[in-house]
Number of protein chains: 2
Amino acid sequence: MASENVEDYLKSIYTLQSKEGRVTTSSLSERLRVSAASVSEMIKKLADEGSVHHTPYKGVALTEEGKTRAIRIVRRHRLWEVFLVEVLKYEWDEIHEEAERLEHITSDKLEERLDAALGYPTKDPHGDVIPTREGKVVQFGQASLASLKVGEQCVVSRVSDSSPDVLKYASKLGITLRKKIHIREKLEFDGSLRVQVEGREHFISGKLAQHIFVEPVADEKRRRSKSFKRVRTISRGKSS
Amino acid sequence: MASENVEDYLKSIYTLQSKEGRVTTSSLSERLRVSAASVSEMIKKLADEGSVHHTPYKGVALTEEGKTRAIRIVRRHRLWEVFLVEVLKYEWDEIHEEAERLEHITSDKLEERLDAALGYPTKDPHGDVIPTREGKVVQFGQASLASLKVGEQCVVSRVSDSSPDVLKYASKLGITLRKKIHIREKLEFDGSLRVQVEGREHFISGKLAQHIFVEPVADEKRRRSKSFKRVRTISRGKSS
DNA sequence: TGATTGATTTAGGCTAGCCTAAATATAAGA
DNA sequence: TCTTATATTTAGGCTAGCCTAAATCAATCA
Ligand SMILES: [Mn+2]
Ligand SMILES: [Mn+2]
Ligand SMILES: [Mn+2]
Ligand SMILES: [Mn+2]
């Protein structure tokens with residue numbers, strides 16, 4: 001396998017690509033906390049070995065092969081996150097850094113055994129989908145809590161894992177996966193919300209709301225599995 | 001923490017020191033599969049940072065600090081080995097390389113949680129003692145199977161983990177931890193043995209017998225825990 | 001004791017990744 | 001269109017570890 005550094009570059013390119021579309025030298029520089037010059041060098045290397053397409057001064061995009069490799073690392077990262085929470089009883093805000101290291105030393109066999117021991121999970125502790133071994137990423141349409149209106153109800157399906165502080169604060173408010181949220185009030189000028197979770201009411205900022213993703217509240221009675229899943233399959237080969 | 005390379009040097013020095021007493025440049029070179037010149041360089045570095053004492057042209061020995069660090073890595077290695085066998089259902093001959101990588105990315109917290117999740121094991125899957133977090137290594141007096149005489153009985157307490165092939169072969173014969181072995185015949189000129197394990201008889205070479213460590217057969221009825229334990233405590237501060 | 005030989009160390013080089021400073025290309029504004 | 005600001009790339013250097021070849025030490029044997 002590639003070095004830890006190369007793997008983290010690929011993963012970052014993949015994530016930025018999914019989230020922002022364009023991946024620039026400076027976005028990678030910021031994300032990986034490495035100088036732009038170093039990124040530029042690494043990009044050249046990745047392009048040479050066929051993991052990315054590079055248009056100088058324009059940006060970078062994963063090749064098929066690069067994407068496959070990136071998704072594989074994402075899969076390992078998320079499997080380890082499940083392990084840390086389910087088996088080792090970590091909190092969801094404590095797992096990122098550990099998984100960031102574990103993902104690089106995971107052999108195919110280890111990945112397989114871990115997956116099996118965990119019962120073939122499909123989501124990580126933040127609600128992110130775990131890619132299959134074949135590299136398929138099934139993403140459900142999710143709305144951010146910030147997009148809901150007063151009076152609506154929803155269920156938490158994902159919380160952005162980009163900041164441990166956000167995660168810690170969310171769980172302090174009781175906002176964890178599968179919790180039901182009622183929107184009691186919404187201030188349009190700043191997007192902040194008054195919400196009810198498990199009987200308690202909280203004010204949350206628009207900023208925080210953008211990190212919380214939800215699905216329409218399940219129909220209580222039937223179809224607890226197929227509620228409004230506008231399934232979007234991000235498979236290898238299609239750029240997301 | 002130190003780099004993976006430094007950690008593996010420390011661990012190898014520790015192991016060689018326990019096993020052979022003297023640790024030379026060439027023994028490290030052989031064990032780590034690195035040129036003698038490279039070892040020489042690294043030794044200088046380790047001596048500079050206070051992890052080893054170095055007498056040029058003579059050899060190297062861990063300082064207190066170096067020994068503490070080495071034992072810590074051994075502890076992590078063996079905890080991961082238990083995890084791989086107990087949780088991920090690996091065979092005992094498949095775990096070394098995985099643990100060799102996992103040991104280096106294990107934070108204090110991860111070590112602690114893993115230990116707890118495994119139920120604070122004291123031995124690894126090969127029968128080696130897992131050092132405590134304080135660095136204490138309790139080693140029981142063990143005899144190699146090669147030292148027994150015809151007619152004697154014993155129980156397998158450890159199998160050298162130095163070769164996956166030995167481990168695989170041993171388990172194929174049914175020679176695994178806690179199995180009872182009867183010595184049926186011994187050829188003095190080459191040390192080979194005819195033994196009985198679980199009702200089956202096997203011939204094993206003297207070479208193989210040297211990799212199998214045993215304790216006198218437990219008294220069946222009482223004292224299943226304190227059978228002839230000439231306990232030897234190898235604590236930090238005492239050279240083993 | 002003195003020569004020989006094997007082990008060890010030193011010298012000189014290489015690669016992966018990182019950095020800062022300098023050069024250059026692109027895009028936006030006058 | 002021309003200038004300027006910003007992003008990107010290139011140049012030149014550094015460190016950790018590795019290597020081979022050359023130099024040096026120490027232990028043994030004649
Ligand atoms: Mn990582
Ligand atoms: Mn996650
Ligand atoms: Mn190792
Ligand atoms: Mn072991």
Side-chain angles (χ1 to χ4, degrees), chain A residues 1-14 16-17 19-62 66 69-70 73 97 100-101 103-105, chain B residues 1-14 16-17 19-62 66 69-70 73 97 100-101 103-105:
Chain A
M1 247 294 166
S3 78
E4 163 157 352
N5 291 309
V6 167
E7 292 190 346
D8 277 339
Y9 271 93
L10 290 174
K11 196 156 59 94
S12 287
I13 294 168
Y14 174 75
L16 289 173
Q17 191 167 287
K19 214 177 317 189
E20 323 273 325
R22 230 167 64 93
V23 181
T24 62
T25 300
S26 48
S27 61
L28 280 168
S29 165
E30 186 183 1
R31 194 183 165 88
L32 294 166
R33 311 186 149 282
V34 146
S35 76
S38 300
V39 171
S40 214
E41 261 180 14
M42 180 60 92
I43 283 175
K44 201 182 306 165
K45 205 186 114 182
L46 294 175
D48 284 350
E49 72 180 34
S51 298
V52 302
H53 297 300
H54 182 216
T55 319
Y57 293 99
K58 287 309 189 63
V60 80
L62 292 172
R69 293 171 66 193
I73 304 158
E97 288 311 312
E100 199 56 54
R101 280 172 285 123
E103 64 192 2
H104 306 294
I105 57 157
Chain B
M1 245 298 164
S3 79
E4 165 156 350
N5 290 309
V6 167
E7 292 190 344
D8 278 339
Y9 271 92
L10 290 175
K11 196 156 60 92
S12 287
I13 295 169
Y14 175 75
L16 289 173
Q17 190 168 288
K19 214 178 315 189
E20 322 273 326
R22 232 166 62 94
V23 182
T24 63
T25 299
S26 49
S27 61
L28 281 167
S29 165
E30 186 185 1
R31 192 181 167 89
L32 294 166
R33 314 188 146 280
V34 145
S35 75
S38 299
V39 171
S40 215
E41 262 180 14
M42 179 61 90
I43 282 174
K44 201 181 304 164
K45 204 186 115 181
L46 293 175
D48 285 350
E49 72 179 34
S51 298
V52 302
H53 296 299
H54 182 215
T55 318
Y57 293 99
K58 286 310 190 60
V60 81
L62 292 172
R69 293 171 66 193
I73 304 158
E97 288 310 312
E100 199 56 55
R101 280 173 286 121
E103 66 191 1
H104 304 295
I105 57 157

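Everything quoted here is computed from the prediction, not taken from an experiment. All values below were derived from every heavy atom in this structure, side-chain atoms included, with hydrogens, water molecules and symmetry-related copies excluded. A note on names: the letters A, B, ... follow the listed sequences, proteins ahead of strands, and every chain is numbered from 1.
- Taking atom CD of residue B/Glu30 and atom P of nucleotide C/dG6, one finds them 17 Å apart after rounding to whole Å.
- Remark: P of C/dT9 and CG of B/Leu46 are 13 Å apart, rounded to the nearest angstrom.
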Letter by letter from the 5' end, nucleotides 16-21 of chain D scores (B base, S sugar-phosphate only, - none; protein heavy atoms under 4.0 Å) -SBBBB
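- Every residue two or more places apart in sequence or in another chain that forms a salt bridge (Lys or Arg N to Asp or Glu O under 4.0 Å) with B/Glu100 is listed here: B/Lys11.
- Judged as a side-chain contact (heavy atoms from CB on, under 4.5 Å), and not counting sequence neighbours, the contacts of A/Thr24 are A/Arg22, A/Ser26, A/Ser27.
- Partners of A/Arg69 according to the salt bridge (Lys or Arg N to Asp or Glu O under 4.0 Å) rule, which considers only residues two or more places apart in sequence or in another chain, are A/Glu49, A/Glu65.
- With rounding to the nearest 0.5 Å, the separation of CD in A/Glu4 from CD1 in B/Ile105 is 8.5 Å.
- Side chain of B/Ser40 to backbone of B/Ala36: no donor-acceptor contact under 3.5 angstrom is found.
- At a threshold of 4.5 Å between non-hydrogen side-chain atoms, the residues A/Leu62 and A/Ser51 do not count as touching.
- Remark: B/Ser29 OG to B/Met42 CE distance equals 13.0 Å, nearest 0.5 Å.
- A 4.5 Å side-chain heavy-atom check between B/His53 and B/Val60 finds every atom pair outside the cut-off.
- Sorted by residue number, the list of members of residues 20-28 of chain B with any non-hydrogen atom under 4.0 Å from DNA chain D is empty.
- Between A/His54 and D/dT9 there is a side-chain N or O to OP1 or OP2 distance below 4.0 Å.
- Distance check: A/Leu46 CG to A/Tyr9 OH gives 8.5 Å after rounding to the nearest 0.5 Å.
- Phosphate proximity of D/dT10 to A/Lys44: present, with a side-chain N or O under 4.0 Å from OP1 or OP2.
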Please tabulate the protein-to-nucleotide N/O contacts below 3.5 Å involving nucleotides 25-28 of chain C, giving atom names and distances.
unit_1, atom_1, unit_2, atom_2, d
C/dA25, O4', A/Tyr57, OH, 3.4

